[in-house]
Number of protein chains: 2
Amino acid sequence: MTYQPDEIDSMLRDAGIRVTSQRRTVIAALVQSHDHPTAEDVHARAKTVDRSVSFATVYRALATLVDAAIVQRISVDDGPSRFEMAPKTEHDHLVDVDNGEVLELASEELAALRSRLAAELGYEILSHHSVLRVRKLQKL
Amino acid sequence: MTYQPDEIDSMLRDAGIRVTSQRRTVIAALVQSHDHPTAEDVHARAKTVDRSVSFATVYRALATLVDAAIVQRISVDDGPSRFEMAPKTEHDHLVDVDNGEVLELASEELAALRSRLAAELGYEILSHHSVLRVRKLQKL
DNA sequence: CTTGGTGCAAATGATTTGCAAGCCT
DNA sequence: AGGCTTGCAAATCATTTGCACCAAG
């Protein structure tokens, strides 16, 4: 999935937030990262593009972008929050307990079941955050 | 669900960790709490039983108990971790975005689907942590 | 212009840790 | 006895905030 430079600007404008070079940089860092970076990682990557971006700005940008549903926050039980571009298709995260690897599980079926169950309780789901701690099955 | 006093001791012994009055107190506080308390809440409740329990001990006890799978940690995106006795039946958590209320959704069907999907990817699920941000549906 | 955004450094909140003393096995 | 636990206070880690300046609409 690639983004055109002005595609990023549109995302910001559409969300009604100002377009700044720092936000562009943060988004660019996230777009290129497929490893669910922490705020610190994002800052490090953003700095390779613009040495002057501060930590505070990265945190503020991430918070703003999460609010705008452009970015998604993933909290693993311990350790800092991780971030990724908001997925078009919702998915769960599998964290391999042996090596810390994070992979994604997208299932239409799972999403449908979840909303059905929530609806039965009288709720609509705004967003979800699901982390499964897993271990590789033995090869037989 | 009630626990006998010595049932708690057995849980600790079975997990191979020492039985201390502080750990008993922490567990007792959790058993009586059905509101997913934070570490601070647990500390406050524990102190009503034993004024001398320290914050550090509560944190250490909770960490130990989570390791031993006696207690489960629930992390909501912002704000401190919350805790509950490890459920016999796994469930998801619904967080009402309007009032912060946390309720539980237990579904055999959901659990089954999740493990099936994980298995298809070659993984077994050790535990899961799923938080749905929800809003009450309008009454029609 | 005017409001929102930024950098810096200091502040905060949650959780962890070093150390000396105490309790469990 | 010997090691795991505790309490206390200080330390750490992630994240947030106050403030003066700058930039976007």
Side-chain angles (χ1 to χ4, degrees), chain A residues 5-6 8-29 36-47 49-68 70-83, chain B residues 5-6 8-29 36-44 46-47 49-68 70-83 100:
Chain A
D6 49 312
I8 292 182
D9 289 14
S10 310
M11 294 172 60
L12 292 169
R13 250 188 294 279
D14 292 352
I17 59 185
R18 289 193 185 173
V19 179
T20 67
S21 70
Q22 292 86 338
R23 285 178 185 160
R24 272 200 207 102
T25 305
V26 165
I27 294 181
H36 311 276
T38 62
E40 189 177 1
D41 297 333
V42 173
H43 180 225
R45 289 167 203 189
K47 274 218 292 217
V49 177
D50 172 358
R51 302 213 88 266
S52 72
V53 225
S54 72
F55 242 114
T57 295
V58 169
Y59 271 106
R60 282 190 279 231
L62 287 171
T64 304
L65 295 171
V66 167
D67 268 2
I70 294 172
V71 167
Q72 181 171 16
R73 177 195 305 263
I74 310 157
S75 358
V76 185
D77 272 354
D78 51 339
S81 295
R82 292 162 164 275
F83 300 86
Chain B
D6 49 312
I8 293 182
D9 288 15
S10 309
M11 295 172 59
L12 292 169
R13 251 189 290 278
D14 292 353
I17 59 184
R18 289 194 185 173
V19 179
T20 67
S21 70
Q22 291 86 338
R23 285 178 185 159
R24 273 201 206 102
T25 305
V26 165
I27 294 181
H36 307 92
T38 63
E40 189 176 2
D41 296 334
V42 173
H43 180 225
K47 274 218 291 216
V49 177
D50 172 359
R51 301 214 88 266
S52 71
V53 220
S54 73
F55 240 113
T57 296
V58 168
Y59 272 106
R60 282 190 279 228
L62 287 172
T64 303
L65 295 170
V66 167
D67 267 2
I70 293 172
V71 166
Q72 180 170 16
R73 178 196 303 265
I74 309 157
S75 358
V76 185
D77 271 355
D78 52 339
S81 295
R82 292 162 166 273
F83 300 86

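Naming: A, B, ... by sequence-line order, numbering from 1 per chain.
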Measure distances between side-chain N and O atoms of B:Arg23 and base N and O atoms of D:dT5, and say whether any donor-acceptor pair falls under 3.5 Å. no
Here the distance between atom P of C:dT6 and atom CZ of A:Arg24, to the nearest Å, is 11 Å
Taken to the nearest whole Å, CG/A:Asp50 to P/D:dC22 is 16 Å
- Task: Determine yes or no for a side-chain-to-main-chain donor-acceptor pair under 3.5 angstrom, with A:His43 supplying the side chain and A:Tyr59 the backbone.
- Result: no
| query | According to a strict under-4.0 Å criterion, is B:Gln22 in side-chain N/O contact with OP1 or OP2 of D:dG7? | reply | yes
Where the side chain of B:Asp41 meets the backbone of B:Thr38, is there a donor-acceptor pair that is under 3.5 Å apart?
-> yes
Per-nt protein contacts along nucleotides 12-18 of chain D (heavy atom under 4.0 Å; B base, S backbone sugar-phosphate only, - none) come out as --SBBBB
Residue pair A:Ser54/B:Arg13 against DNA chain C: nearer the 5' end by closest nucleotide is A:Ser54
Are B:Thr20 and D:dT6 close enough that a side-chain N or O sits under 4.0 Å from OP1 or OP2? yes
Check whether any side-chain heavy atom of A:Leu12 sits under 4.5 Å from a side-chain heavy atom of A:Leu65, and report yes or no. yes
Rounded to whole Å, CG of B:Asp41 lies from P of C:dA14 at a distance of 11 Å
Rounded to whole Å, the CZ-C1' distance (A:Arg18 to C:dG4) equals 4 Å
Whole-Å distance, A:Leu12 CG to D:dG25 C1', equals 14 Å
Among the nucleotides D:dT6, D:dG25, D:dG3, whichever has the atom closest to the side chain of A:Val19 is D:dG25
OP1, OP2 of C:dT6 versus side-chain N and O of A:Thr57: anything below 4.0 Å?
no
Here the distance between atom P of D:dG25 and atom CD1 of A:Ile17, to the nearest Å, is 11 Å
Interatomic distance, CZ@B:Arg23 vs CD1@B:Ile70, rounded to 0.5 Å, equals 9.0 Å
Any heavy-atom pair between the side chains of A:Arg45 and A:Pro37 that's under 4.5 Å?
yes
Which part of the nucleic acid does B:Ser52 contact within heavy-atom distance under 4.0 Å: base, sugar-phosphate only, or nothing?
-> sugar-phosphate
Atom CG of B:Asp9 and atom P of C:dC23 are separated, to the nearest Å, by 17 Å
ask   = Quick check: does any side chain N or O of B:Arg24 sit under 3.5 Å from a backbone N or O of B:Ile8, one acting as donor and the other as acceptor?
value = no
Against the side chain of B:Val53, the closest entry in C:dG4, C:dC8, D:dG7 is D:dG7
The reported gap from CG in B:Leu62 to CZ in B:Arg82 (rounded to nearest 0.5 angstrom) is 13.5 Å
Whole-Å distance, A:Arg51 CZ to C:dG7 P, equals 13 Å
